[in-house]
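Structure first, then comments.
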2 protein chains.
Amino acid sequence: MLSLSEENHLKSIFHLSLNSDSGVSTNSIANNLNTKASSVTEMLKKLSEKSLIVYIKYHGAQLTELGRKTALKIIRKHRLWEVFLVEKLDFKWDEVHEIAEQLEHIQSEKLTNKLDKFLNFPTHDPHGDPIPNPAGFIKITPKLKLSDLGIGETGKFVGVKDSSSAFLKYLDKRKISLGCNIKVLHQEEFDQSLHIGLDDTNLTISVKSASNLYITKI
Amino acid sequence: MLSLSEENHLKSIFHLSLNSDSGVSTNSIANNLNTKASSVTEMLKKLSEKSLIVYIKYHGAQLTELGRKTALKIIRKHRLWEVFLVEKLDFKWDEVHEIAEQLEHIQSEKLTNKLDKFLNFPTHDPHGDPIPNPAGFIKITPKLKLSDLGIGETGKFVGVKDSSSAFLKYLDKRKISLGCNIKVLHQEEFDQSLHIGLDDTNLTISVKSASNLYITKI
DNA sequence: AAAATAATTTAGTCTTGCCTAAATTATTAT
DNA sequence: ATAATAATTTAGGCAAGACTAAATTATTTT
Ligand SMILES: [Mn+2]
Ligand SMILES: [Mn+2]
Ligand SMILES: [Mn+2]
Ligand SMILES: [Mn+2]
């Protein structure tokens, strides 16, 4: 049985290792968990001791197969609870992350699997992220950003990179919701902002926003 | 914000103070929480400091109004989650307590109230215990035990005193479930065991079991 | 009303998880 | 290749929550 802090460190290492194939740095974990590098170092030693990570001094941490499965089981719970909160309790997609951060630590495999069934075995959470299976297996697909599309191309909005409450509310306001089709109409010269077509309306979004929207080409 | 341990102590004091109007003893709390008296003493000082209890050295603890409301809000969450687990996820009534012990500490009033609504504002948990309202108000009704009934009297089974998994499974096996009517037919001389009528079947239960069944007279 | 026993508190430790400041190692710039 | 800078680890502490053993207070027995 892992402690709350151990679980959070594992999760953090998992998420950070998606954007870099070498070891995850002490500082990046500290930054991610709002803690200090020295605290992380101690935790890395402990996780290494438990064979959850490979830790080489001064060269960061990498999840072992066990560590990866363990992290994904926590992420599975997180995402299932997010689905529950949105689908069953009518929370908005920008309100659920904080609560799921707590719920993901509830220990009961039976609970997780019954919840999964109750929700009808969802494949993705409210932010478009895939839900790992009970064994901790996840299919990670390479992600295309809206900013990667060329003029005239159309994509389906399938996920967000930045899932901060602020960005999610920004999308709500512009009626950009998961599953909708977005066509790139034109790119502004001087600030690279994009004119896009959405259903029957057109609007303009910044490159920054565009690079936070995951899409699949149509 | 209270720590997990503080919340558990408050809850324990609340439950223990139902069977005694004077202060709740250090030892009884320690016993209830599977910890040691010395640990409890330290916690009592802290809770007293926070005005959640009145603590007089060597004379135990009593909840203040604030402490009582706080305890009841935790108990509200516990019981709502138990209803959720049984009604929505198809857990058996003997499986939910342990999980609810974890879920009761999730912090989000909004979540609690949305859960309440989702469950259609239940008044009692799966063990027949009343669910406090959002403000921490609860209606405590004096409880009659099956063993208090006279021969020939009938009662409706409305709650369990001992809600241990073992006792709940025992009741399941005998098809004694919440809401059913029980008629006391006869009492055995030599061991006080009771012959009872339940629907169309008769069965015999010990005094010990009978004193663990709460009923309302019909 | 003492004496014996039981309950409770205090004193002193331990572990976990966190911190700051100092030392060490890695990386980058010259 | 060396020097400067940045990242990381180590050393030393602190608070929370637990424990054991010893001291103190309450309760029960004689
Ligand atoms: Mn989330
Ligand atoms: Mn999510
Ligand atoms: Mn319970
Ligand atoms: Mn219950």
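Proteins get letters first, then strands, A, B, ... in listed order; numbering begins at 1 in each.
- A perpendicular orientation is assigned to the rings of Trp81(A) and Trp81(B), their planes being inclined by more than 60° (bins at 30° and 60°).
- One finds no side-chain N or O of Ser3(B) lying less than 4.0 angstrom from the OP1 or OP2 phosphate oxygen of dA16(D).
- For Arg79(B), the side-chain hydrogen bond (donor to acceptor under 3.5 Å, both in side chains) test picks out no residue, with sequence neighbours left out.
- Look at NZ on Lys36(B): it is 16 Å from C1' on dA22(D), rounded to the nearest Å.
- Below 30°, between 30° and 60°, or above 60°: for Phe118(A) and Phe118(B) the angle between ring planes is above 60°, a perpendicular geometry.
- For Ser193(B) and Asp191(B), the side-chain atoms include at least one donor-acceptor pair closer than 3.5 Å.
- Look at CD1 on Ile29(B): it is 13 Å from C1' on dA7(C), rounded to the nearest Å.
- Between Phe84(A) and Phe84(B), the two ring planes are tilted [angle within 30° to 60°].
- The backbone N or O of Asp90(A) lies less than 3.5 Å from a partner atom in the side chain of Lys114(B), making a donor-acceptor pair.
- Atom pair Leu33(A):CG and dC19(C):P shows a separation of 10 Å (rounding to whole Å applied).
- Phosphate proximity of dA7(C) to Ser25(B): absent, as no side-chain N or O sits under 4.0 Å from OP1 or OP2.
- In this structure, Leu44(B) places its CG atom 14 Å from C1' of dA18(D), rounding to the nearest Å.
- Residue Asn34(B) holds its CG atom at 13.5 Å from CD1 of Ile29(B), rounded to the nearest 0.5 Å.
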Under 3.5 Å, which N/O atoms of the protein pair with N/O atoms of nucleotides 3-5 of chain D?
none

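- Nearest to the side-chain atoms of Thr26(A) among the listed nucleotides dA18(D), dT9(C), dT8(D) stands dT8(D).
- Between the CD1 atom of Ile56(B) and the P atom of dA7(C) there is a distance of 20 Å, rounded to whole Å.
- A salt bridge is absent between Lys143(B) and Asp148(B); no separation between the charged side-chain nitrogens and carboxylate oxygens falls under 4.0 Å.
- Distance, His59(B) NE2 to dT25(D) C1': 8 Å, rounded to whole Å.
- The nearest whole Å value for the distance from the CG atom in Asn8(A) to the C1' atom in dC18(C) is 14 Å.
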Identify all pairs in which a protein N or O lies below 3.5 Å from an N or O of nucleotides 10-14 of chain C, and state each distance.
from	atom 1	to	atom 2	distance (Å)
dT10(C)	OP1	Lys57(B)	NZ	2.5
dT10(C)	OP2	Lys45(B)	NZ	2.8

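- Note on Asn27(A): a side-chain N or O is less than 4.0 Å away from OP1 or OP2 of dT8(D).
- Looking at Thr204(B), its side chain never comes within 3.5 Å of a backbone N or O of Leu194(B) through a donor-acceptor pair.
- Counting to the nearest Å, the P atom of dT15(C) and the CG atom of Leu2(A) are 20 Å from each other.
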